[in-house]
There are 2 protein chains.
Amino acid sequence: MKNQHKILKQYFNVAVSVDNVVFGFDADGLKVLLISRGSEPFTGSWALPGDLISPEMDLEYSAEKVLKQLTGLDQVYMEQIQTFGRVDRHPFGRVFTIAYFALIKVENYQPHANSWAKDVAWFKVSEIPKLPFDHREILEYARKLLKNRIRTQPLVFELLPKYFTLTEVQFIHESILEEEFDVRNFRKKILSTGIIEETGRLQKNVTHRPAKLYRYNASKAKQLGFEGGML
Amino acid sequence: MKNQHKILKQYFNVAVSVDNVVFGFDADGLKVLLISRGSEPFTGSWALPGDLISPEMDLEYSAEKVLKQLTGLDQVYMEQIQTFGRVDRHPFGRVFTIAYFALIKVENYQPHANSWAKDVAWFKVSEIPKLPFDHREILEYARKLLKNRIRTQPLVFELLPKYFTLTEVQFIHESILEEEFDVRNFRKKILSTGIIEETGRLQKNVTHRPAKLYRYNASKAKQLGFEGGML
DNA sequence: GAGAATTATTGTACTTTTTACAATATATTT
DNA sequence: AAATATATTGTAAAAAGTACAATAATTCTC
């Protein structure tokens, strides 16, 4: 028994962290939220909001908590992506990191740096600065996964405001998929799914014909068992 | 610095394991490989082949090594599934487990119990015994993932022998997707992808009309950039 | 060796989905 | 009133998906 203890001890000396890839969307296109690191290692560097997690806390909960502590974001859509575990990925020791992606409605949140995060800011996915650890790899993996998810699940509505135009729905798809669609065909397709509905409202204060505002019908999507293919 | 060390130590005391969901396929349908545990906890129980991983080894490599050590299987197709991290999932302490799935050609391998595995055996996916830890949850997640993957990627050929009949291709799809297809339409579809080719050979020693034997054309699939949709 | 048994193989008509393509509508600004 | 800017809409052709059943090639049995 004493011997078994000793054997076990050799395994119980690694750490686990969570890294979040937080996607947002505005008129500029797809964005990612980064923090400016205020502690070692890589102090001062822009990085994915992530942190070591406490051994007493469930994994899912840890992911939410890390995000909230560093950025103030709470109650957002999150999904586990992948675990990254190269031996030398962290200078302080063996740290496995479990990556999550989060989708938020930019208009609803005001991210603010907290805890050891010195700053927090949105970056266009095409203008990401140099990132520490294997964060670049994690980010690219997250983008790939988002692309795949968006073809079969109604995730874009997690990124769009409550009321949105069909042009916005098209633009967000084009931003994420890096591919253009025909306006008429896109509208026909997205409306034929039945998961978005007219609200009767119109855009205001625009210098051109105002677009109709639509809204996502989550219960309809659920009812349709939506794993069916958006585009 | 001393202080920082102390803070860090509170994180570096968890363990990480790998659990493999190994799928195989034969005339009976889809199978999963389980080992009979020869060490604590849950000694004697059938379980997914998994083990704690050494802090000095890369994650991907660990997954392969654990599988090889317990079952003798080597050089198989593996893919990371998910990480499971409930606080109480392991009685010895905080253990995060990273689940992988592996696809093997049953005819090419003779699994044999090694290391602390007392036995190893294939189980039909519909006849899985009670499993320890959260292995049941991991297995179900793996089946779900396999279902999704198989619709868009040519993974079934990792499970089929080198030469196979179209009937086998159809049967494996039906087993995994739990759904039946029309014979004529299925054949048209699978042949139209261009990723399998006739070999000129025929089935032997069957008590009915012998079927043509086909073979997977991996380079053609790669050339077609196969993310395109199998069925 | 003739007939039974068993599984393999193949085509066509119909329906649905996808694709390509451009003119008109409604607001603001000058 | 004209210019500017974006929103909105339909149709025909092509492609893909679906439903459906008769014939072919082997072994087995008598």
Side-chain angles (χ1 to χ4, degrees), chain A residues 25-29 150-152 156 160-161 163-175 177 179-215 224 226-231, chain B residues 25-29 150-152 154 156 160-161 163-175 177 179-215 224-231:
Chain A
F25 177 76
D26 65 17
D28 253 21
I150 229 141
R151 285 181 197 274
T152 56
V156 291
L160 288 167
Y163 300 102
F164 49 79
T165 68
L166 292 185
T167 303
E168 287 174 313
V169 180
Q170 180 167 355
F171 182 48
I172 196 171
H173 275 94
E174 291 179 340
S175 300
L177 295 172
E179 181 185 352
E180 300 202 340
F181 300 97
D182 173 82
V183 190
R184 282 165 290 190
N185 295 339
F186 182 88
R187 286 167 172 247
K188 243 179 300 175
K189 187 83 189 273
I190 204 80
L191 288 173
S192 76
T193 62
I195 61 176
I196 67 181
E197 59 191 16
E198 279 195 40
T199 60
R201 304 183 193 210
L202 291 179
Q203 251 182 340
K204 289 236 164 89
N205 302 323
V206 287
T207 172
H208 53 74
R209 175 173 176 177
K212 291 182 190 169
L213 292 172
Y214 291 79
R215 139 177 79 196
L224 293 171
F226 223 87
E227 299 277 341
M230 294 273 296
L231 289 180
Chain B
F25 178 76
D26 65 16
D28 253 20
I150 229 142
R151 284 181 198 276
T152 56
V156 291
L160 288 168
Y163 300 102
F164 48 80
T165 68
L166 292 185
T167 302
E168 287 174 312
V169 181
Q170 179 167 355
F171 182 49
I172 195 170
H173 276 93
E174 292 179 338
S175 301
L177 296 172
E179 182 184 352
E180 300 201 341
F181 299 98
D182 174 81
V183 190
R184 280 165 290 191
N185 295 340
F186 182 88
R187 285 167 172 247
K188 244 180 297 177
K189 186 81 188 276
I190 204 80
L191 288 173
S192 76
T193 61
I195 60 177
I196 68 182
E197 59 192 18
E198 279 195 39
T199 60
R201 304 185 190 207
L202 292 179
Q203 252 182 339
K204 290 234 164 92
N205 303 323
V206 287
T207 173
H208 52 76
R209 176 173 176 176
K212 291 183 191 169
L213 291 172
Y214 291 79
R215 137 177 79 197
L224 292 171
F226 224 86
E227 298 278 340
M230 293 272 298
L231 288 180

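Computed from a predicted model, the values in this text were never measured in an experiment. In what follows, chains carry the letters A, B, and so on, assigned in the order in which the sequence lines appear, proteins first and then strands, with residues in each chain numbered from 1.
The distance between atom CG of A:Asp182 and atom P of D:dT11, rounded to the nearest whole Å, is 16 Å. B:Arg184 has its CZ atom 11 Å from the P atom of D:dA19, to the nearest Å. Across the protein-nucleic acid pair, A:Ile190 atom CD1 and D:dT9 atom P stand 15 Å apart, rounded to whole Å. Regarding A:Leu202, its CG atom lies at a distance of 15 Å from the C1' atom of C:dT28, rounded to whole Å. A:His208 has its NE2 atom 6 Å from the P atom of D:dT6, to the nearest Å. Across the protein-nucleic acid pair, B:Tyr214 atom OH and C:dA8 atom P stand 12 Å apart, rounded to whole Å. A:Phe171 places its CZ atom 14 Å from the C1' atom of D:dT6, with the value rounded to the nearest Å. Atom CG in A:Asn205 sits roughly 11 Å away from atom C1' in C:dT28 (whole-Å rounding).
The side chain of A:Arg187 contributes an N or O atom lying less than 4.0 Å from OP1 or OP2 of D:dT8. Residue B:Lys204 places none of its side-chain N or O atoms closer than 4.0 Å to OP1 or OP2 of D:dT27. Between A:Thr167 and D:dA7 there is a side-chain polar atom (N or O) within less than 4.0 angstrom of OP1 or OP2.
Annotation: the span from A:Glu168 atom CD to A:Gln203 atom CD amounts to 6.5 Å, rounded to 0.5 Å. The structure places CG of A:Asp28 at 7.5 Å from CZ of A:Phe171, a figure rounded to the nearest 0.5 Å.
Among the atoms of the strands shown, only primed sugar atoms or phosphate atoms (P, OP1, OP2) are found under 4.0 Å from some heavy atom of A:Val206.
Using a distance-only test at 3.5 Å, with no hydrogens or angles considered, no donor-acceptor pair links the side chain of A:Thr199 to the main chain of A:Arg215. The main-chain N or O of A:Phe181 is found under 3.5 Å from a side-chain atom of A:Glu174 such that the two form a donor-acceptor pair.
Each of B:Leu213 and B:Thr207 lies near DNA chain C, and the nucleotide nearest B:Thr207 is the one positioned closer to the 5' end. Positionally, the nearest nucleotide of DNA chain D for A:Leu166 lies more toward the 5' end than for the other of B:Asn185 and A:Leu166.
Residue side chain A:Arg209 reaches the base of D:dA7 through a donor-acceptor N/O pair under 3.5 Å, judged by distance alone. Contact of A:Lys188 with D:dT11 (side chain to base): a donor-acceptor pair of N or O atoms is detected under 3.5 Å.
Looking at B:Leu202 and B:Leu213, their side chains never come closer than 4.5 Å, going by heavy atoms from C-beta outward.
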